[in-house]
**Student:** 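Sharing a structure with you now.
As the structure is a prediction and not an experimental result, all values here were calculated from the model. Naming: A, B, ... by sequence-line order, numbering from 1 per chain.
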Protein chains: 2
Amino acid sequence: MARKSADQRRTEIVEATLTLADEVGPDRLSVEQVAQRVGISQPAVFRHFSSKRLLWDAVGAFVGKRLESTWERALAESPDPVGRLRALVRAQLRLIRTLPAIPALLFSRELQAGDQGLRRTFLGFMRRFHSVLAGVLAEGVQQGQLRTGLDEARAAYVIIALIQGVAMRWSLSGREFDLVQEGEQLLELVMQGLLNCEESS
Amino acid sequence: MARKSADQRRTEIVEATLTLADEVGPDRLSVEQVAQRVGISQPAVFRHFSSKRLLWDAVGAFVGKRLESTWERALAESPDPVGRLRALVRAQLRLIRTLPAIPALLFSRELQAGDQGLRRTFLGFMRRFHSVLAGVLAEGVQQGQLRTGLDEARAAYVIIALIQGVAMRWSLSGREFDLVQEGEQLLELVMQGLLNCEESS
DNA sequence: GGTTTAAGTTAGTGACCACTCACTCACTTA
DNA sequence: TAAGTGAGTGAGTGGTCACTAACTTAAACC
């Protein structure tokens, strides 16, 4: 049997937990399944994470780092606000494509149970993303690219809902369409609006 | 001990399951919890539903009836398409407010497990709602209230995402804002669009 | 090359899960 | 009023869960 360093195993276990959270659901995932995927016995997992809760905490921290770095890189992509907005949405969709467990984790009861530890962590991620989006939108209004009088906070919630919605539909459909392309087209639609510009009610 | 007719008990059990699915999550809900909420012993539940799966099927059918009748009534509310669109969104939000388990049910793994029985049922509900929305949007385009060239199918997906998104945020926030009001304002924002009409990129 | 360290193992623990069985007793009806 | 029906019960069944105790052995270090 090939032994590995604790650091290596820890990341292996966290990554296996993430992919399995997508496959079987965060609430239905057992430590036994994680152990089998990694290729070790079930108690070996508890050598690296003394409880399942701490394993989920580590998963949360892992996802959080990926989210933060994704947003940071996207914000640096373009000088103008609307370009940054598109980059943020595209980057977030790409991250969900590579870590499809993210939406399921956000809404799972695994997080809400147990003293609200992870729930607050993920709620914090959502708030961070919302404030980043709202900031970019406010810049867009200032520079005249976006409607004056636009409610930036609400618009940011619309964009978050858009990403979550298309990710959920992608997941339920069995991933039979291109998540990033579809999401980008929905963003364009929202930016243009539905009403006829001349004859608004 | 107060005995009730089987019909009465069945609906009591289904309703308890729905409220508990919201409180503890569909995947974490046990038959014992349902029995306690109803006020009977755990085996008594199995007299009315011979397996937990059949109980979930009954819950699905119950929710389905409520959804269909909600859409039907909303469509009859207004003669013009945009009015019907607003009525549909408002009615859907009101239904979620009275049956908050609906979004959780849609995305729970309880449905996806077990031969995809309930999963298909709920996917069918979503498709039904999408086609109703797309139909109303197409009418709006024809009558000139909505942008010509509007992609009705994608716009319908945007509206579904909007409802789901605000419902999820409402749930995660501990229901500290008015779901219906907030949802209606997001709808208005999407209908107007984000871009500056004169100077679109 | 022997000792130490720590990543692994097997074999459990009690709690909870969906579900069953044998039985009871309230109510309807002949 | 006796018989039959069916909504209820208490006491289990086997299976799975998170987690633990005691032991083993591969690798790191001197």
**Student:** Check whether any side-chain N or O of B/Arg9 sits under 4.0 Å from OP1 or OP2 of D/dG8, and answer yes or no.
**Tutor:**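 Affirmative; the distance criterion is met.
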**Student:** Let me spell it out: for each of B/Pro43 and B/Ala6, pick the nucleotide of DNA chain D with the closest heavy atom. Which residue's pick is nearer the 5' end?
**Tutor:** B/Ala6
**Student:** Just to confirm, is there a sub-4.0 Å distance from OP1 or OP2 of C/dA6 to any side-chain nitrogen or oxygen of A/His48?
**Tutor:** no
**Student:** Does A/Phe122 have any ring pair (Phe, Tyr, Trp, His ring centres under 6.0 Å) partners at least two apart in sequence or in another chain, and if so, which?
**Tutor:**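 With neighbours one apart ignored, the set is A/Phe125.
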**Student:** Please classify the nucleic acid contact of B/Ser51 as base, sugar-phosphate, or nothing, using heavy-atom distances under 4.0 Å.
**Tutor:**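 Sugar-phosphate: the residue B/Ser51, judged by heavy atoms under 4.0 Å, touches backbone atoms but no base.
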**Student:** Counting heavy atoms from C-beta on, name the nucleotide in D/dA21, D/dA26, D/dA7 closest to the side chain of A/Arg3.
**Tutor:** D/dA26
**Student:** Heavy-atom nearest nucleotide on DNA chain D for A/Arg47 versus A/Ser30: which residue maps closer to 5'?
**Tutor:**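 Nearer the 5' end of the strand: A/Ser30.
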**Student:** For A/Phe177, is the NZ or CZ atom of A/Arg169 found under 6.0 angstrom from the centre of its six-membered ring and inside 45 degrees of the ring axis?
**Tutor:** yes
**Student:** To the nearest Å, give me how far apart CD (B/Gln42) and P (D/dA7) are.
**Tutor:** 17 Å
**Student:** Verify the contact: side-chain N or O of B/Ser41 to OP1 or OP2 of D/dG8, cut-off strictly under 4.0 Å; return yes or no.
**Tutor:**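 No, because none of the side-chain N or O atoms of B/Ser41 sits under 4.0 Å from OP1 or OP2 of D/dG8.
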**Student:** Specify the separation, in whole Å, of atom CD1 of A/Ile40 and atom C1' of C/dG8.
**Tutor:** 8 Å
**Student:** Can you tell me how far P of C/dA15 sits from CZ of B/Arg28, to the nearest Å?
**Tutor:**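 Answer to the nearest Å: 19 Å.
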**Student:** Output the rounded distance in Å from CG (B/Leu54) to C1' (C/dC19).
**Tutor:** 13 Å
**Student:** Which listed nucleotide (D/dC19, C/dC19, D/dT9) is nearest to the side chain of B/Phe46?
**Tutor:**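 When the side chain of B/Phe46 is considered, C/dC19 is the closest of D/dC19, C/dC19, D/dT9.
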**Student:** Going through the checks in order, is the salt bridge (charged side-chain N to carboxylate O under 4.0 Å, His left out) test met by B/Glu184 and B/Arg90?
**Tutor:** CA-CA 7 Å; B/Glu184 283 177 322; B/Arg90 188 170 50 243; 3.3 Å; yes
